[in-house]
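These notes are about the structure you will find just below.
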Amino acid sequence: MPELPEVETTVRGLKRTIVGHTINDVRVVGNSHKLLRSHEHGPFLEIVGGGRIEDVRRRAKNVIIDLDNQHSILIHMRMSGHLLVASSQYQVTSEGKWQVKGPTGNWQPTTGNSPFADPKNQFIRIVFELSDGIILALSDLRKFATVDLFNTNALAKHLEQKYGPDPLEKTFTLDWFSQELKRRKRTIKPLLMDQAFIAGVGNIYADESLWKAKVHPLTRSDALSQSDARALYSAIRAVLSKGIALGGTSDDDYRNVAGEKGKYGLTRMAYRRAGEKCARCNTVMKRMVVGQRGTSFCPHCQKKI
DNA sequence: ATTTAGACCTGTCAGC
DNA sequence: TGCTGACAGGTCTAAA
């Protein structure tokens with residue numbers, strides 16, 4: 001998924017639904033062996049079990065769940081992971097599929113239009129059983145997602161040294177951004193996606209930002225003019241804000257905590273639009289590979305410098 | 001300092 | 001219908 005807008009949408013959903021609840025049990029489904037990256041299941045459960053969820057927040061593309069015992073759970077959803085919250089009417093089978101309580105109290109497969117029947121939500125890898133029967137579950141088709149456990153203070157240092165500024169925070173200023181673009185000699189698209197530079201931009205919003213700012217994805221960062229830098233700075237913030245406002249992009253697996261799709265994909269201007277016409281100039285958009293990532297751009301609007 | 005290739009996984013879709 | 005290859009919201013490591 002999960003770039004900044006998708007993770008932010010998830011975090012906002014979790015704030016409304018799981019804060020204040022206690023973690024009663026943690027169940028890893030099947031052989032999702034590498035999921036709990038820094039802990040075995042036993043020690044993980046030992047620390048997390050009985051913990052009360054104090055807060056849920058985001059840093060870069062990470063979901064952070066703060067407990068009342070000096071520990072924080074760090075979840076990174078990578079490509080296909082997303083978190084779902086269900087009421088006690090639902091349960092997860094040993095195959096990682098959802099079941100819903102039927103009229104006679106029996107468990108049956110989810111069907112029809114229920115978000116919990118969506119095939120993208122049927123790849124549950126870990127289940128957190130919370131107080132009041134609430135379920136927090138991670139669905140992740142590709143099994144790249146990771147769950148880590150940190151001492152909350154240690155986590156702050158870890159995040160600080162690993163990530164650059166969040167483009168929607170005050171620490172991300174135009175002066176700093178344009179200065180850094182000049183100082184570095186990197187290809188602009190991979191630079192925007194470098195989490196140590198700025199945190200939260202991925203393949204979708206990089207393409208969208210470059211298109212909006214009329215910058216070719218292969219431009220060297222130090223070749224950008226001051227006005228290019230300003231355009232890109234504004235574009236990044238506008239595109240990410242719009243992504244959040246529309247609840248993220250769900251062209252692939254991403255779903256919000258209720259299992260529903262985000263709407264950014266319906267209005268995207270560049271991402272996966274190769275072969276379609278540019279919304280600005282009607283030129284047919286092209287696809288190329290940059291930094292091993294599929295990249296769509298308008299060859300007319302986004303000229304290589 | 002920066003780029004590239006390969007790994008990690010599983011599913012879908014286009015093309016033959 | 002069945003197979004094969006390309007492609008998919010990310011990050012990490014090693015090597016050039």
Residue-phosphate contact under 4.0 Å: [X] side-chain N/O, [N] OP1/OP2:
{"X": "A:T187", "N": "B:dT3", "answer": "yes"}
{"X": "A:H76", "N": "C:dT11", "answer": "yes"}
{"X": "A:Q195", "N": "C:dT11", "answer": "yes"}
{"X": "A:R186", "N": "B:dT3", "answer": "yes"}
{"X": "A:R293", "N": "C:dA8", "answer": "no"}

Should the ring pair A:H39 and A:F44 be called parallel, tilted or perpendicular, given that the plane angle runs from 0 to 90° and is split at 30 and 60?
perpendicular

How are the rings of A:F116 and A:W98 set relative to one another: parallel (under 30°), tilted (30 to 60°) or perpendicular (over 60°)?
perpendicular

Counting primed atoms, P, OP1 and OP2 as sugar-phosphate and everything else as base, the B/S/- map of nucleotides 6-16 of chain B against protein heavy atoms under 4.0 Å is B-BBBS-----

Answer with base, sugar-phosphate or nothing: what part of the nucleic acid does A:R220 contact at a heavy-atom distance below 4.0 Å?
nothing

Would you kindly give the [atom1]-to-[atom2] distance between [X] and [N], to the nearest whole Å?
{"X": "A:M79", "N": "C:dC12", "atom1": "CE", "atom2": "C1'", "value": "13 Å"}
{"X": "A:D207", "N": "C:dA8", "atom1": "CG", "atom2": "P", "value": "10 Å"}
{"X": "A:D222", "N": "B:dT3", "atom1": "CG", "atom2": "P", "value": "10 Å"}
{"X": "A:R78", "N": "C:dG10", "atom1": "CZ", "atom2": "C1'", "value": "6 Å"}
{"X": "A:N62", "N": "C:dG10", "atom1": "CG", "atom2": "C1'", "value": "11 Å"}
{"X": "A:D251", "N": "C:dG10", "atom1": "CG", "atom2": "P", "value": "13 Å"}
{"X": "A:L191", "N": "C:dT11", "atom1": "CG", "atom2": "C1'", "value": "16 Å"}
{"X": "A:K162", "N": "C:dG10", "atom1": "NZ", "atom2": "C1'", "value": "11 Å"}

Report yes or no: is the cationic atom of A:K61 (NZ for Lys, CZ for Arg) closer than 6.0 Å to the six-membered ring centre of A:Y163, at no more than 45° off its axis?
no

Give none if B:dC9 has no partner; otherwise give the nucleotide forming a Watson-Crick or G-U wobble pair with it, both distances under 3.5 Å.
none

Donor-acceptor contact below 3.5 Å, side chain [X] vs main chain [Y]:
{"X": "A:S114", "Y": "A:T110", "value": "no"}
{"X": "A:E3", "Y": "A:N203", "value": "yes"}
{"X": "A:S72", "Y": "A:L67", "value": "no"}

A:E3 side chain, from C-beta outward: closest of C:dG10, C:dT11, C:dA8:
C:dG10

P-based separation of C:dT4 from B:dC9 [nearest Å]
22 Å

Which value, in whole Å, describes the distance between the C1' atoms of nucleotides B:dA1 and C:dG10?
22 Å

Can A:V7 be reached from A:I64 by stepping across I, L, V, M, F, W or Y side chains whose heavy atoms are under 4.5 Å apart?
no

Assess, by modelled atom type and distance only, whether the side chains of A:N106 and A:T104 contain a donor and an acceptor separated by less than 3.5 Å.
yes

